[in-house]
Amino acid sequence: MLQEKLERVLPLVEKPARYVNNEYNSVHKVWEECNVRMVFAYPDVYEIGMSHLGLEILYGVVNSREGMLMERAFAPWRDMEEKMREKGLPLFSLESKRPVRDFDLLGFTLQYELSFTNILNMLDLAGIPLHFWERGPGDPLVIAGGPCAFNPEPLAPFFDFFLIGDGEEGLVGIMELVAEHKEKNSGRVVREEFLEEVLNLPGIYVPSFYHFKYAPDGTVVEKKVTAPAPGRVKKNVLKNFEKVYYPELPIVPNMETVHDRIMLEVARGCARGCRFCQAGIIYRPVREKSKDVLVRQADKLAESTGYPEISLVSLSSADYSSIVPLARELADKMSSKGVSLSLPSLRVDKFSVDLAEEIQKVRKSTLTFAPEAGTQRLRDVINKGVTEEDVLAAVSSAFSAGWDKVKLYFMMGLPTETYEDLDGIFDLALKVFNTGRDIRGGKGRNRIKVTVSVSSFVPKAHTPFQWCPQDTVEVLKRKQAYLRDKFSRIKGLDFNWHDAQQSFLEAVIARGNRELAPVIREAWRKGCRFDSWSDQFKPELWREAFEAVGYKPAVKVNSQLGLESVLPWEHIDTGVSKEFLLREYHNALQGKLTLDCRQGKCSQCGICVGLGVGMELRGEENAGQV
Amino acid sequence: MRVRFEFSKDKEARYVSHLDMIRVFERSLRRAGLPLSYSQGFNPHPKMAFSPALALGTSSEREYVDISFETRVNISEAKIKLQESLPSGFNIRSCAVIPEGAQSLNSLINRAVYTIKCLLAREVSQAELDAWCSALMEMEKILIKKKTKKGFRERDIRRGIFSLNCKPVNDYALINADLLLSSEGSVRPEDVVEVLVSLGMPVESGYMEVRRTGLYRCQGETCLNPMQVLSQVC
C-alpha cells in the first residue's frame, strides 16, 4: 500500500530518484529471515547522505552479518514532505519500502549541527514520539552516533541512547544485544530493561540516567547520575584498524551525489593538533591501514563499483606515513584500470602539491588549501604550523604544474583576532594571486583565479578553544564587510563568506546543553528544516523559538566560559585529557606551537593512556621525497 | 567497434534522468570489464550515444544506445556481461554491430509511440473515447503554447500526431499515440492529453503514467526500429 501511494507521489516531486532504490550493490535481505532490523537515517537529502562514508561502512558491516538487516532513509525534501503529509505516507526505508516504525532500531548519524531539525521532522514523519519518555513497545529504539554525538545534550531528550566513538564494531555489538534481548523477551524489546543492559557495551550514553542543572552561561552547576550508568562515558575506539571491516561492495547511486567516487579510507584520526578542530580530538589516535591492504581494497572497489575515480579519504591524507609509495603504487595500478586517483584535503606545502601533480593525471581544475589564518601570529595561536613560505611554495608549484584555480580557506573570528589578521588574509591572498600571475602571465588561457572562502570560527566541544567566545553576529558581519570591501578592488580574486547567523546557530548548538532541546523542537515546529542550506535557513524562526522557550543563546556563545567550570559535554570522555586541552588553550594565548606527536615528542594528550590504545602507523619509511 | 543495444527502462529506472543514465551505463560497462572507448583530452568521456531523452518518470520498452569499444568484443557475451552489471530496472533486449557510416540514433529516429495511462474523473464508454480521439484527429491545426526563453511561442502540433486510439480500463483511459520525434519539434504525450482534455475528456489532473513503447525511423508507410535497420542482431 505504501508502495502504491509512493508511486502516486513520485511524479509530482523534484528528483524522485532520491526516494527509490535498487542501486547497484544495494542489499535487499529477506525481512523474515532477520531477527534484528535497523534503519540508518541520514538527516539530509539522499545525494548528501550517500556521500557519507560512515553510511557505506555501517550498511556494509551490518548486512554482512547473518540475521541482521540495515536499510536506509533520508530526509525528504520540502516538496516530498508536503506530499507525504498530504497522502499520509509515513517515513519509509528505501529498500523494502516499509514504515521506519516497523524496525527495531532507528539510527541517525549526527554529522553537523544544522541538520538537527531534520531529525525531529523525520521522527515525526515516521510517527514516532519525539521524546524517549513518550515511546512505547511499538516504537523502535532511536539512537545516534557521529561527531556531534560528542556533545549529545541538545538532542538528549530525543534519543534512547547514543553510541560515542567508532561505530562499525560498536553497532554490531548493539544489534547482537538487541537480538539476544528479543529472544529472551519473546520477540519484543522491553525498553527500560534494554537500556540497562546496553550500558555494558563500550561508548554507550543513555541520557535518561543523567540529570543536569545549568548556570545562565550554560555550564553545569549540578549533575546527577542514576545507577548503573557510569559518571563519564568513554568513547568506543577501534583497535587494529587495518583488520576491521571495510565495505568492498559499496552502493553505487544512480543519481549524482556530492562525492561521486570510490572512497578509500587510508587512516582515521589526525594528530596535527589545530586548536579549533574537533575532528582532530575526537578521532584520535591516528590509525592507518597498511599499503598492501589499501592497494587490495582499491582493486576490489574499482571492480565492484565501476567508478572512474578513487579518492584517498582521511582527515589529512598527505600525512599518511608512506603516502609516496602508496600513491605511486595506487596511481600505477588504478591507471591500468582507467581509474584516476585524487587527493582531497591537501596539506599546505610543496610536498603535497608535487605529490598531487605526480599522481593526478586527469582533470586539472582547482586546488584547495587551508592556511586558516592570515598572519603568522594567529596561525601560531591556532597551531596550524604553516608559514607564508609554505603557502607560496605550494601555490607556485600548483600554478607551474598547470592548475589555474586555487581556493584558499580561512577562518575569521578566531580567538585573539584583530583587524591586522584580517588584513593578513587579504595580503596573503593577494600574494598568492600575484604569484600565479607572475608564473602564468594571467592572460587568455593562462588566466588564473583565486577564490578565498572565509568561514566564521565556531567554538566546538572537546577542543582547546571550547571555552572561547564566538564573535557576535554584528562583529562577524562587520568583519565580512571589511574584507568584502578590500577584495572587491581586485579582479580575479573572489571572496566568499559564510552566513554569520548560520555560524551563530552552529555555535549555539555545538555548545548547547539539554535546555536547548525544546528550542530545537520549537524551531522545527515553526517550520525550520535543512538549516544548513542557506536558502532554507530561517533565522527569524529560530529567534522566535529561543524566545518562546526562554533560552538565551548569546550569553552562552558570545562569552568566555570559566576554565574551572564544568562544561555540558564533560561527561563524554574522548580519551583526551582536560589538562591537555587547558595546556593547549594557554599555549594558544602565548602563540606557542605544539608539534604533531608523529614528528615531535609526545604531546601528552592522554589518548593512549586514557583508552589503552596506541597510534597505528604503517609507514615503510617516513614521508620521503616526491 | 560500435555496438547498438536495445534496452527497457522500467520501475525505479524510470526515475533515472538522462544525464544520470549516461553515468549508470559508463559504470556498468566498467564493472562488466568491457573495453569502453573514451574521448581524448583532459576530460575523457565514454563514447556512447543514446536515443532521444525520455522525460523523467517515463518508462520505456525500447531505448537504444550506441557504444564504441576499443577492441573487438563478442556481442552476445557483451550483452550478458552488461546485463549482469546494470542496476535493476534496465534490461538489455538485443544488440547488433553497427557498420561503418551508419546513421546516428538521433538522426535516424523520427517517430515515438507512447502508451499514456490517465486517471478518469468519471466512467466513460469506448464510444465517448473514440469520439474525442477522432475529434482531435479531425482538427486542422492544434496550437500549443510552448514556454521559451522569451515568453511563449505557439506551435502547431497537428501534423506531428500520426495516430491515436484510446480504451477504458477500470478507472483509467489507456491512450496509444504515435508521435513525431525530431530535433525540429517533437510532440509530447502530455500535449496530446491536454488537447483531449480541452475536447472534454474527463481526466483527473495530477497523475499520469507514460510509457514509451517504441522508437522508429518512418519513411512513408514503412517504419523500422533502430535494430531492424541493422543486420546480425543478437
Side-chain angles (χ1 to χ4, degrees), chain A residues 3-26 28 46-47 83 86-87 94-95 97 249-257 260-262 300-309 334-335 337-340 360-365 402-404, chain B residues 9-46 55-59 70 81-91 116-119 171 189-190 204-211:
Chain A
Q3 177 76 39
E4 211 171 280
K5 277 188 185 169
L6 183 62
E7 301 262 334
R8 288 286 176 92
V9 164
L10 288 177
L12 310 174
V13 298
E14 197 185 305
K15 301 192 182 177
R18 285 167 171 166
Y19 314 105
V20 297
N21 72 107
N22 268 337
E23 308 98 318
Y24 197 78
N25 286 337
S26 61
H28 299 261
Y46 176 91
E47 55 269 39
K83 293 285 171 226
E86 189 185 304
K87 308 266 182 215
L94 286 199
E95 281 79 359
K97 299 283 187 303
L249 298 168
I251 297 168
V252 186
N254 289 337
M255 73 182 283
E256 194 174 15
T257 57
D260 217 0
R261 56 187 79 92
I262 300 170
K300 286 216 168 143
L301 287 163
E303 272 173 31
S304 71
T305 64
Y307 276 124
E309 190 183 347
M334 290 293 107
S335 77
K337 290 177 187 285
V339 178
S340 66
Q360 282 179 199
K361 299 278 183 253
V362 283
R363 241 175 275 165
K364 283 211 170 127
S365 55
W403 274 282
D404 45 22
Chain B
K9 196 176 177 224
D10 282 305
K11 296 196 176 135
E12 294 89 354
R14 73 182 191 275
Y15 294 113
V16 178
S17 72
H18 194 71
L19 266 179
D20 287 335
M21 184 171 69
I22 296 172
R23 267 188 296 270
V24 163
F25 268 78
E26 180 189 356
R27 288 166 194 168
S28 302
L29 286 155
R30 295 171 61 99
R31 287 194 291 265
L34 293 166
L36 192 51
S37 183
Y38 280 84
S39 67
Q40 300 295 308
F42 270 147
N43 266 310
H45 54 89
L56 199 62
T58 302
S59 63
E70 235 164 34
K81 280 188 185 162
L82 177 56
Q83 182 59 62
E84 283 171 354
S85 303
L86 279 165
S88 89
F90 292 98
N91 288 294
I116 311 157
K117 197 172 155 190
C118 296
L119 191 59
D171 304 340
E190 296 81 355
E204 285 269 26
S205 64
Y207 183 74
M208 200 198 306
E209 217 179 285
V210 185
R211 184 168 176 79

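Small disclaimer: the values here were computed from a predicted structure and weren't measured.
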Might you point out which heavy atoms bring B/Y15 and A/A17 nearest each other, and give the distance in Å? O-CB, 3.5 Å
Between A/N254 and B/V24, is there a side-chain heavy-atom distance shorter than 4.5 Å? yes
Begin with the C-alpha distance, continue with both residues' side-chain angles, and end with the deciding distance and a verdict on salt bridge (Lys or Arg N to Asp or Glu O under 4.0 Å) for A/E309 and B/R23. CA-CA 13 Å; A/E309 190 183 347; B/R23 267 188 296 270; over 6 Å; no
Please state whether the side chain, the backbone, both or neither of A/N25 comes within less than 4.5 Å of a heavy atom of chain B. neither
So for B/S88, is it side chain, backbone, both, or neither that comes closer than 4.5 Å to the heavy atoms of chain A? both
What part of A/L10 is in contact with chain B, defined as an atom under 4.5 angstrom from a non-hydrogen atom: side chain, backbone, both or neither? both
Please enumerate all residues that pass side chain to side chain donor-acceptor pair (under 3.5 Å) together with B/D171, with sequence neighbours excluded. none
Residues which pass side chain to side chain contact (heavy atoms under 4.5 Å, CB included) with A/I251, listed by chain and number, not counting sequence neighbours: A/E23, A/S26, A/M50, A/E56, A/Y59, A/R72
Where does B/L86 contact chain A at under 4.5 Å (heavy atoms): side chain, backbone, both or neither? backbone
Could you please spell out the steps behind the side chain to side chain contact (heavy atoms under 4.5 Å, CB included) verdict for B/E12 and A/N21? CA-CA 7 Å; B/E12 294 89 354; A/N21 72 107; 4.0 Å; yes
Is B/R31 reaching over with its side chain to a backbone N or O of A/S304, donor-acceptor style, under 3.5 angstrom? no
Using a cut-off of 6.0 Å, state whether more than 12 heavy atoms not belonging to A/E4 lie near its atom CD. no
Which heavy-atom pair separates A/N22 from B/P87 by the least distance, and what is that distance? O-CB, 3.9 Å
Working note: A/V339 + B/R30, criterion side chain to side chain contact (heavy atoms under 4.5 Å, CB included); need CA distance, chi angles, decisive distance, verdict. CA-CA 10 Å; A/V339 178; B/R30 295 171 61 99; 3.2 Å; yes
Measure A/E303 against the heavy atoms of chain B and call it side chain, backbone, both or neither at under 4.5 Å. backbone
